A.B. asks: 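Here it is: the structure, laid out below.
Here the structure is a predicted model, which is why all the values come from computation and not from measurement.
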Amino acid sequence: MDIVVEGRFLIDGELKQMAVGIEDGKIATMGKLVRGGDERLEFTSGIITPGFIDPHVHFREPGMTAKEDFGSGTMSALFGGVTCVLDMPNTNPPTTDIRTLSDKKASIRRKAHVDYGLFAALTPNMDVNRLAPHVAGFKLFMGSTTGNILMNDDNEIGYLMGDIARSGKVLSVHAEDDDMILRDREESNWDHLRNRPVEAEHNAVRRLSRYRGMRINICHVTDAATAEMAKANGFTTEVTLHHMMFAAENVEGTEYKVNPPIRDLRTRDALCRSVEAGNITMFGSDHAPHTQTDKMQEYATAPGGMIGVETTIPILMNWAMHGRFPLPLLERMGCSNPASVFSLNKGRIKVGMDADLVFFDTKNVTRIDPDALHSKAGHTAYAGTEAIFPDTVMLRGNIQIQDGEYCGSATGVDTVDHPRD
């Protein structure tokens, strides 16, 4: 046995005092007592969770590395308790074919501090079959956002859907019907909200209903009705923390400009109730960094996007410890559900799974300091928010963070190229 970890583990929604033995990067044994081990770690307080999975990040490499790169992005993930990320394709150039995918894989190799998978963006007449074995999933942008890979024509989408279904890969969708997005002058978050109405989200999901039962995932759901429509069609869903926390009535400035937009207070509260009722599958940070200079432009020209991969789970963990959010639901939406949706050998503390473990000292509540975060962005909408950051993080049995300090190396691997199931 390489290492034995003892403590209070969060296993399938229950806290259990036990020992976990790790060998060759996987959980090898579990029980009240596990003997041996070249190394033993004992946590006498706090809780140990599975490593969290973020199925929606934008680490900006290649082409926009002044905003973020794969090294800084995955370091941010690690310090947020996230041990696996799925990265989006709207980079420069966008990841749309085998050449751009191969180039991206080559550029980020040996930079990752957590495990990862890459999406390819749908474009008209693309070769789905050639890409499918090499990607974590496909991404469809039905609404305009960062990057120029909009695809909102039903005929063009339909032409590819058969191959996507046969590939077995998930299709994650930015579900805003671009034909319903207005281009009126914007000077505030209210203007942005009016330009990108919730009806655009509804209609995008409605148009996808002809593909009922396919492995379709609706990203960054902002409305409870959207979640219900998606669920009725057998689709999975993501929700961001920023759409759960903020409301257009309460926030001002470009820090909160994001696509889809921050909604009104009534919509936000209904969304939160939908999450707590178990109607949304998983969390996705939609970590989309821009530099401070980018965000300081006037509202009309400032880019949309917020950072969150490092702060989402620590904020939610603090909520859970204060009774504001169910801990078992946090485990499902942050660990086991995304692992199941994207067929990852992660997300549960179970024999045979990757030994991705995160220890939280649940009494160590801090306030988020933008200068202490690891993203290149250097700013955050969550400044001053209470959070519980992880004390120790293990990736496949390797200690990457200990006592809140980085002590590891860039050992993250592509989950498609190096499957561990």
A.B. asks: Hey, could you give me the CD/NE2 distance between Glu255 and His379, rounded to the nearest 0.5 Å?
C.D. replies: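 The CD atom of Glu255 sits 5.5 Å away from the NE2 atom of His379.
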A.B. asks: For a side-chain contact (heavy atoms from CB on, under 4.5 Å) check, start with the C-alpha distance between His243 and Thr240, then their side-chain angles and the critical distance, and finish with the verdict.
C.D. replies: CA-CA 6 Å; His243 287 122; Thr240 72; 2.8 Å; yes
A.B. asks: Can you name the one residue among Val170, Val128, Val173 that meets side-chain contact (heavy atoms from CB on, under 4.5 Å) with Phe138?
C.D. replies: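 In the set Val170, Val128, Val173, the residue that makes a side-chain contact (heavy atoms from CB on, under 4.5 Å) with Phe138 is Val128.
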A.B. asks: Are side-chain N/O atoms of Asn337 and Ser340 paired as donor and acceptor at under 3.5 Å?
C.D. replies: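 Judged by distance alone, the side chains do not pair up.
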A.B. asks: Report the C-alpha distance between Phe246 and Tyr382 in whole Å, list the side-chain angles of each, state the deciding distance to 0.1 Å, and finish with yes or no for ring pair (Phe, Tyr, Trp, His ring centres under 6.0 Å).
C.D. replies: CA-CA 10 Å; Phe246 304 122; Tyr382 301 107; 5.5 Å; yes
A.B. asks: Does the side-chain contact (heavy atoms from CB on, under 4.5 Å) test come out yes or no for Val413 and Thr411, once each step is laid out?
C.D. replies: CA-CA 6 Å; Val413 297; Thr411 57; over 6 Å; no
A.B. asks: Going through the checks in order, is the salt bridge (charged side-chain N to carboxylate O under 4.0 Å, His left out) test met by Asp154 and Arg210?
C.D. replies: CA-CA 10 Å; Asp154 285 334; Arg210 69 190 67 183; 3.7 Å; yes
A.B. asks: Is the shortest heavy-atom distance from the side chain of Leu208 to the side chain of Met142 under 4.5 Å?
C.D. replies: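 Yes; the side chains approach each other to less than 4.5 Å.
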A.B. asks: For Glu186 and Tyr299, indicate whether the former's side chain and the latter's backbone hold a donor-acceptor pair under 3.5 Å.
C.D. replies: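 Checked: no pair found.
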A.B. asks: Between Ile218 and Ala230, what is the shortest heavy-atom contact and its length?
C.D. replies: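 Between these two residues, the closest heavy atoms are CG1-CB, 4.0 Å.
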A.B. asks: Kindly indicate, with the supporting measurements, whether the criterion ring pair (Phe, Tyr, Trp, His ring centres under 6.0 Å) is fulfilled by Tyr116 and Phe70.
C.D. replies: CA-CA 10 Å; Tyr116 60 91; Phe70 225 77; 5.2 Å; yes
A.B. asks: Please determine if Arg332 and Asp12 form a salt bridge, counting it only when a charged side-chain N lies under 4.0 Å from a carboxylate O.
C.D. replies: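 Between Asp12 and Arg332 there is no salt bridge, as every charged N stays at least 4.0 Å from the carboxylate O atoms.
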A.B. asks: Which pair of heavy atoms, one from Pro62 and one from Thr91, lies closest together, and at what distance?
C.D. replies: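 Result for this residue pair: O-CB, 3.3 Å.
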A.B. asks: Any donor and acceptor pair, going by atom type alone, linking the side chain of Thr267 with main-chain N or O of Asp223 inside 3.5 Å?
C.D. replies: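 The answer is no, because no donor-acceptor pair under 3.5 Å joins these two groups.
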A.B. asks: Closer than 3.5 angstrom, by distance alone: can the side chain of Thr312 be matched with the main-chain N or O of Gly308 as a donor-acceptor pair?
C.D. replies: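 Yes: the side chain of Thr312 pairs with the backbone of Gly308.
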A.B. asks: Verify, without hydrogens or angle tests, whether Arg215 (side chain) and Ala165 (backbone) share a donor-acceptor contact under 3.5 angstrom.
C.D. replies: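 No, Arg215 side chain to Ala165 backbone: no donor-acceptor pair under 3.5 Å.
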A.B. asks: So that I can tick it off, tell me whether Asp414 and Lys105 are bridged by a salt bridge, with the cut-off set at under 4.0 angstrom between side-chain N and carboxylate O.
C.D. replies: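 Salt bridge between Lys105 and Asp414, a charged N being under 4.0 Å from a carboxylate O: yes.
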A.B. asks: Counting the benzene-type ring for Trp, do His220 and His174 have ring centres under 6.0 Å apart?
C.D. replies: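 Ring centres of His174 and His220 closer than 6.0 Å.
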A.B. asks: Tell me whether Lys139 contacts the main-chain N or O of Leu122 through its side chain, where contact means a donor paired with an acceptor under 3.5 Å.
C.D. replies: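 No: the side chain of Lys139 does not pair with the backbone of Leu122.
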A.B. asks: Could you tell me whether the side chains of Asn364 and Asp391 share a donor-acceptor contact shorter than 3.5 Å?
C.D. replies: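 Note: Asn364 and Asp391 side chains miss the donor-acceptor criterion.
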A.B. asks: In terms of the angle between their ring planes, are Tyr406 and His113 parallel, tilted or perpendicular, with boundaries placed at 30° and 60°?
C.D. replies: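 Rings of Tyr406 and His113: perpendicular, over 60°.
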A.B. asks: Between Glu61 and Lys111, is there a side-chain N and carboxylate O pair less than 4.0 Å apart?
C.D. replies: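 A salt bridge links Glu61 with Lys111.
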A.B. asks: For the residue pair Glu238 / His56, report whether a side-chain donor-acceptor contact shorter than 3.5 Å exists.
C.D. replies: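 There is such a pair between these side chains.
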A.B. asks: Indicate whether the side chain of Glu331 and that of Ser336 have a donor and an acceptor atom separated by less than 3.5 Å.
C.D. replies: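 Distance-only check fails for Glu331 and Ser336.
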A.B. asks: Looking at Asp294, is its backbone amide N or carbonyl O close enough to the side chain of Gln297 to form a donor-acceptor pair, meaning the two atoms are under 3.5 Å apart?
C.D. replies: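 Side chain of Gln297 to backbone of Asp294: a pair is present.
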A.B. asks: Could you measure the distance from the CE atom of Met244 to the OG atom of Ser274? Nearest 0.5 Å is fine.
C.D. replies: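 Atom-to-atom, Met244:CE and Ser274:OG are 10.0 Å apart.
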A.B. asks: CZ/Phe52 to CG/Leu78 distance, rounded to the nearest 0.5 angstrom?
C.D. replies: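 Output value for this atom pair is 13.5 Å.
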A.B. asks: I would like to know whether Tyr159 and Met126 meet side-chain contact (heavy atoms from CB on, under 4.5 Å); could you show each step before the answer?
C.D. replies: CA-CA 10 Å; Tyr159 180 80; Met126 74 182 297; over 6 Å; no
A.B. asks: Go through the side-chain N and O atoms of His58 and Asn90 and say whether any donor and acceptor fall under 3.5 Å apart.
C.D. replies: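 Present: a donor and an acceptor within the cut-off.
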A.B. asks: Give me the atom names and distance for the closest heavy-atom approach of Ser76 to Ser375.
C.D. replies: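 Heavy-atom minimum between the residues: OG-N, 2.9 Å.
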A.B. asks: Between Glu249 (side chain only) and Leu265 (backbone N and O only), is there a donor and an acceptor less than 3.5 Å apart?
C.D. replies: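 Such a contact is found between Glu249 side chain and Leu265 backbone.
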A.B. asks: Compute whether any side-chain donor of one residue and acceptor of the other, for Asp54 and His287, lie under 3.5 angstrom apart.
C.D. replies: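 There is no such pair (donor and acceptor under 3.5 Å, judged by atom type) between the side chains of Asp54 and His287.
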A.B. asks: Taking the side chain as every heavy atom from C-beta outward, state whether Leu86 and Val57 have any atom pair closer than 4.5 Å.
C.D. replies: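 Answer no - side chains too far apart.
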A.B. asks: Consider only side-chain N and O atoms of Ser144 and Arg183, and report whether a donor and an acceptor are under 3.5 Å apart.
C.D. replies: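 Their side chains do contain a donor-acceptor pair, which is all the 3.5 Å distance test asks for.
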A.B. asks: What I want to check is whether the side chains of Lys231 and Asn279 have a donor and an acceptor closer together than 3.5 Å.
C.D. replies: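 There is such a pair between these side chains.
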A.B. asks: Regarding Asp178 and Asn152, is there a side-chain donor-to-acceptor distance under 3.5 Å anywhere?
C.D. replies: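 Side chains of Asp178 and Asn152: no pair found under 3.5 Å.
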A.B. asks: Does the Thr281 side chain pair with the main chain of Thr237, one donor and one acceptor, at a distance under 3.5 Å?
C.D. replies: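 Here the side-chain-to-backbone pair exists.
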A.B. asks: Please tell me if the side chains of Ile216 and Tyr211 come closer than 4.5 Å, counting only heavy atoms from C-beta onward.
C.D. replies: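 Yes, at least one pair of side-chain atoms sits under 4.5 Å.
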A.B. asks: Is there a donor in the side chain of Asp115 and an acceptor in the side chain of Thr415, or the other way round, less than 3.5 Å apart?
C.D. replies: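 Checked: Asp115/Thr415 side chains show no N/O donor-acceptor pair below 3.5 Å.
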A.B. asks: Any donor-acceptor pair under 3.5 Å linking the side chain of Ser102 with the backbone of Arg99?
C.D. replies: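 Flag not set: sc Ser102 to bb Arg99 has no pair under 3.5 Å.
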A.B. asks: Apply the test side-chain contact (heavy atoms from CB on, under 4.5 Å) to residues Leu160 and Met151: give CA-CA distance (whole Å), side-chain angles for both, the deciding distance (0.1 Å), then the verdict.
C.D. replies: CA-CA 12 Å; Leu160 300 175; Met151 187 167 157; 3.6 Å; yes
A.B. asks: Is a donor from one side chain sitting under 3.5 angstrom from an acceptor on the other, for His134 and Asp417?
C.D. replies: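 No.
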A.B. asks: Could you tell me whether the side chains of Glu68 and Ser72 share a donor-acceptor contact shorter than 3.5 Å?
C.D. replies: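 Judged by distance alone, the side chains do pair up.
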A.B. asks: Less than 4.0 Å between a side-chain N and a carboxylate O, is that true for Lys257 and Glu298?
C.D. replies: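 Not counted as a salt bridge, because no side-chain N and carboxylate O are separated by less than 4.0 Å.
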A.B. asks: In a check of side-chain contact (heavy atoms from CB on, under 4.5 Å) between Glu386 and each of Val365, Thr366, Ile315, which one passes?
C.D. replies: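 For Glu386, the side-chain contact (heavy atoms from CB on, under 4.5 Å) check succeeds only for Val365.
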A.B. asks: Determine, for Asp69 against Arg60, whether the closest basic-nitrogen to carboxylate-oxygen distance falls under 4.0 angstrom.
C.D. replies: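 The answer is no: the pair does not qualify as a salt bridge.
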A.B. asks: Just checking, is any N or O donor in the side chain of Asp103 or Thr100 under 3.5 Å from an acceptor N or O on the other one?
C.D. replies: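 No, no side-chain donor-acceptor pair sits under 3.5 Å.
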A.B. asks: Quiz question: by atom type and distance under 3.5 Å, do the side chains of Lys295 and His290 form a donor-acceptor pair?
C.D. replies: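 Looking only at side-chain atoms, His290 and Lys295 do not form any donor-acceptor pair under 3.5 Å.
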A.B. asks: Among side-chain atoms of Thr392 and Gln402, is any donor-acceptor pair under 3.5 angstrom?
C.D. replies: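 Result is no, nothing qualifies.
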A.B. asks: Does Arg396 come within less than 4.0 Å of Asp356, counting only side-chain N to carboxylate O?
C.D. replies: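 No, no charged N to carboxylate O under 4.0 Å.
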A.B. asks: Rounded to the nearest 0.5 Å, how far apart are CE of Met75 and CD of Gln400?
C.D. replies: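 Output value for this atom pair is 8.5 Å.
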A.B. asks: Any idea which heavy atoms bring Phe79 and Pro390 closest together, and the distance?
C.D. replies: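 Taking every non-hydrogen atom into account, O-CD, 3.3 Å.
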A.B. asks: Could you check Asn217 against Thr236 for side-chain hydrogen bond (donor to acceptor under 3.5 Å, both in side chains), going step by step and ending with a plain yes or no?
C.D. replies: CA-CA 5 Å; Asn217 177 52; Thr236 57; 2.9 Å; yes
A.B. asks: With no hydrogens and no angle check, just 3.5 Å: does a side-chain donor-acceptor pair link Arg194 and Asn189?
C.D. replies: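 Looking only at side-chain atoms, Asn189 and Arg194 do not form any donor-acceptor pair under 3.5 Å.
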A.B. asks: Identify the heavy atoms of Pro50 and Cys335 that sit nearest to each other, and give their distance.
C.D. replies: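 Pro50 and Cys335 have their closest heavy atoms at O-SG, 3.8 Å.
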A.B. asks: Under a 3.5 Å distance rule, please check whether Arg268 uses its side chain to pair with a backbone N or O of Met245 as donor and acceptor.
C.D. replies: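 Side chain of Arg268 to backbone of Met245: a pair is present.
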